[in-house]
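Worksheet: the structure to be examined is printed underneath.
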There are 2 protein chains.
Amino acid sequence: MENINKFQTISKQALQRLPYYLNFLKSQKAKKQSNTSASMIAEGLRLNQVQVRKDLAAVSSGGRPKTGYGTEDLISDIEQFLGYNNTHDAILIGAGNLGRSLLSYKGFEECGMKIVAAFDIDKHVAGTEAGGHPIFPMEKLEDLAGRLKVKIGIIAVPAESAQEVCDLLVGSGILAIWNFAPVYLDAPEDILIQNENMAASLAVLSKHVEEKFGR
Amino acid sequence: MENINKFQTISKQALQRLPYYLNFLKSQKAKKQSNTSASMIAEGLRLNQVQVRKDLAAVSSGGRPKTGYGTEDLISDIEQFLGYNNTHDAILIGAGNLGRSLLSYKGFEECGMKIVAAFDIDKHVAGTEAGGHPIFPMEKLEDLAGRLKVKIGIIAVPAESAQEVCDLLVGSGILAIWNFAPVYLDAPEDILIQNENMAASLAVLSKHVEEKFGR
DNA sequence: TAGATTGTTAATCGATTAACAATC
DNA sequence: TAGATTGTTAATCGATTAACAATC
């Protein structure tokens with residue numbers, strides 16, 4: 001039986017676990033472990049064995065009974081799957097406090113994303129730079145994004161202007177948006193919106209402390 | 001009937017939606033809308049009505065048929081619920097690239113969290129400061145955390161040392177940990193671990209672009 | 001062959017959504 | 001009273017976990 005119909009889909013949660021596996025596998029590699037089993041990963045990351053096994057099955061077919069996966073093979077299968085090999089260019093909009101923090105963060109490139117330019121509505125901010133990235137005025141966005149064929153947009157503007165920026169990005173042919181503004185954006189369904197909200201995470205922490213510590 | 005048995009629990013997902021509601025409500029307040037209904041929030045944030053209504057019911061009892069909630073009342077109910085009124089002190093460990101970005105970010109205080117000190121293992125880094133926060137050597141952590149009665153720890157160290165730092169924090173009486181390292185931490189179950197992994201979010205974006213754009 | 005590990009099919013669990021009753 | 005909106009109980013959906021068969 002051929003596996004023509006076997007569309008291996010993967011849930012968003014599973015997708016988000018993959019970088020953890022990757023990290024663990026790299027530490028295995030550093031320890032000269034040439035093979036790594038799902039059980040080892042599960043134990044190392046304190047996850048359920050079956051979950052790990054299922055996640056890996058969606059990403060690689062190099063698993064062999066009794067031996068597990070070749071550590072390096074699995075690393076490259078996951079990186080391949082996530083598209084870390086082909087670097088994706090990104091632009092960031094909103095060079096305020098958060099935006100500048102993101103611009104100066106160096107960890108994105110090893111995850112296959114490279115910020116190529118930043119934009120800000122404030123004419124005084126435009127023309128400066130942050131973290132080695134030039135900041136342009138908003139008017140240049142559409143032209144530049146189109147010419148550079150950028151596929152990822154990072155929104156770091158205030159809530160009020162986030163939807164507007166989103167529309168602009170969609171119009172410029174962006175495929176995925178990393179949204180740091182505290183709003184749910186409206187976009188065509190083939191555009192992926194990944195919401196990242198520090199306030200949302202803080203809510204979880206704050207609530208827990210409040211509960212445990214009392215008021 | 002008294003509501004003694006009515007332990008209103010709330011899911012983590014619901015908890016994370018509350019800051020979005022808060023943001024919407026504040027914009028309502030700015031527009032002088034004295035009342036806001038669940039349906040208005042749902043429409044504004046493009047969420048399901050019932051979901052919003054259920055979330056709000058867990059947080060406030062000020063909803064009235066036909067009128068909805070008093071905008072300001074609901075704001076303060078949510079802030080009360082999340083513990084945004086009582087500021088919680090936090091310490092940050094690891095003043096590297098990411099750590100410094102977090103230290104210089106100004107948005108945490110309005111979510112009820114205040115970073116009071118940072119620590120780093122590197123003796124050269126200790127003694128300096130970032131974003132107006134002093135950076136201390138690791139040896140001072142236990143003493144300072146205990147004396148300041150800090151309840152939140154922020155881990156921004158490399159994956160390899162994250163568990164070690166976690167243990168140290170737990171030993172110092174911390175109640176909740178915001179973990180930026182790409183590992184799942186092992187801690188007593190009454191300690192809340194909130195994982196924040198930029199790489200995990202990037203994986204989702206990267207995969208989508210890869211799928212749409214092809215390789 | 002026995003044992004470890006993979007990978008799949010079925011059961012469970014939790015969150016979201018739908019239907020409805022209650023109330024101002 | 002009629003209508004809008006709340007809040008609850010039941011149905012659906014999706015992800016996780018458990019049980020098991022396949023394989024080296």
Side-chain angles (χ1 to χ4, degrees), chain A residues 1-3 5-18 20-21 25 28 33-71 73-74 77-78 81 184 195 200 203-204, chain B residues 1-3 5-18 20-21 25 28 33-71 73-74 77-78 81 184 195 200 203-204:
Chain A
M1 200 194 303
E2 301 186 55
N3 59 352
N5 270 353
K6 213 178 172 189
F7 285 112
Q8 260 301 11
T9 44
I10 188 170
S11 73
K12 191 166 174 175
Q13 285 93 321
L15 211 44
Q16 298 196 85
R17 282 190 293 269
L18 295 179
Y20 288 90
Y21 300 165
L25 288 164
Q28 287 288 99
Q33 289 279 353
S34 59
N35 289 290
T36 304
S37 70
S39 342
M40 290 166 86
I41 298 181
E43 198 189 352
L45 299 179
R46 282 164 278 273
L47 293 174
N48 181 295
Q49 283 199 8
V50 183
Q51 187 172 60
V52 176
R53 217 169 284 136
K54 222 173 177 184
D55 291 348
L56 296 185
V59 162
S60 171
S61 53
R64 288 190 312 162
K66 203 147 155 81
T67 44
Y69 291 80
T71 306
D73 294 344
L74 189 49
D77 281 349
I78 296 179
F81 183 85
Y184 294 102
N195 292 311
V204 180
Chain B
M1 199 196 300
E2 298 186 57
N3 58 352
N5 270 354
K6 211 180 173 186
F7 284 112
Q8 260 300 10
T9 45
I10 187 170
S11 73
K12 192 166 173 177
Q13 285 91 322
L15 210 45
Q16 299 197 83
R17 282 190 293 268
L18 295 180
Y20 287 89
Y21 300 166
L25 288 163
Q28 287 289 98
Q33 290 278 353
S34 60
N35 288 291
T36 304
S37 71
S39 343
M40 289 165 86
I41 298 180
E43 197 189 352
L45 299 179
R46 282 164 280 272
L47 293 175
N48 180 296
Q49 283 200 9
V50 183
Q51 188 173 59
V52 175
R53 217 170 282 136
K54 222 174 177 183
D55 290 348
L56 296 185
V59 162
S60 172
S61 54
R64 288 191 311 164
K66 208 150 154 74
T67 45
Y69 291 80
T71 306
D73 294 344
L74 189 49
D77 281 349
I78 295 178
F81 183 84
Y184 295 101
N195 292 312
V204 180

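Bear in mind the structure is a predicted one, so any value in this text is a computation, not a measurement. Within every chain, numbering begins at 1; the chains are lettered A, B, ... in the order of the sequence lines, protein sequences first and strands thereafter.
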- [ ] Taking only the side-chain heavy atoms of B:Q13 (C-beta and beyond), determine which of C:dT5, D:dT16, C:dA15 contains the nearest atom.
- [x]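 Between C:dT5, D:dT16, C:dA15, the one nearest the side chain of B:Q13 would be C:dA15.
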TODO: State which of C:dT16, D:dA15, C:dT6 makes the closest approach to the side chain of B:K54.
DONE: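 Side chain of B:K54 sits closest to C:dT16.
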TODO: May I ask you to check whether over 12 heavy atoms, not counting those of A:Q33, lie within 6.0 Å of atom CD?
DONE: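 Yes, CD of A:Q33 has more than 12 neighbouring heavy atoms, counting only those of other groups under 6.0 Å.
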[atom1] of [X] versus [atom2] of [N]: gap in Å, rounded?
X	N	atom1	atom2	answer
A:D55	D:dT16	CG	P	8 Å
B:Q51	C:dG14	CD	P	18 Å
B:K12	D:dA15	NZ	P	17 Å
B:L15	C:dG14	CG	P	17 Å
B:I10	C:dT16	CD1	P	10 Å
B:Q49	D:dT8	CD	P	17 Å

Open item on the list: I want to check something: taking the side chain as every heavy atom from C-beta on, are B:T36 and B:L74 in contact at a cut-off of under 4.5 Å?
Closed with: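 No, their side chains stay 4.5 Å or more apart.
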Task: pair B:Y21-B:L47: side-chain heavy atoms closer than 4.5 Å - done: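 Yes - at least one pair of side-chain heavy atoms lies under 4.5 Å apart.
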TODO: Take nucleotides 19-24 of chain C nucleotide by nucleotide from the 5' end and write B, S or -, depending on whether a protein heavy atom sits under 4.0 Å from the base, only from the sugar-phosphate, or from neither.
DONE: ----BB
Task: For DNA chain D, the residues among residues 38-48 of chain B that have a non-hydrogen atom under 4.0 Å from it - done: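 When residues 38-48 of chain B is checked for heavy atoms under 4.0 Å from DNA chain D, the hits, listed by number, are B:A38, B:S39.
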TODO: Identify, with sequence neighbours excluded, every residue that meets salt bridge (Lys or Arg N to Asp or Glu O under 4.0 Å) alongside A:R17.
DONE: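 Checked A:R17 against salt bridge (Lys or Arg N to Asp or Glu O under 4.0 Å); matches are A:D55.
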Open item on the list: Among residues at least two apart in sequence or on other chains, which ones pass side-chain contact (heavy atoms from CB on, under 4.5 Å) with A:N48?
Closed with: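 Testing A:N48 for side-chain contact (heavy atoms from CB on, under 4.5 Å), a comparison that skips the adjacent residues, returns A:V50, A:Q51.
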Open item on the list: Tell me the bend of the helix from C:dG3-D:dC24 to C:dC24-D:dG3 as the angle between end helix axes, each from five pairs, rounded to the nearest 10 degrees.
Closed with: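 The angle, to the nearest 10 degrees, is 0°.
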Open item on the list: Please find the pair of heavy atoms, one from B:Y184 and one from A:L45, that lie closest to each other, and give the distance.
Closed with: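 Smallest interatomic distance, heavy atoms only, reads CB-O, 3.2 Å.
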Open item on the list: On a heavy-atom basis, which atom in A:S39 and which in A:Q49 lie closest, and how many Å separate them?
Closed with: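 Nearest pair, atom of A:S39 first, then A:Q49: CB-NE2, 3.7 Å.
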Open item on the list: Restricting to ring-ring contact (aromatic ring centres under 6.0 Å, His included), what partner residues turn up for A:Y69, sequence neighbours left out?
Closed with: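 Here no residue qualifies.
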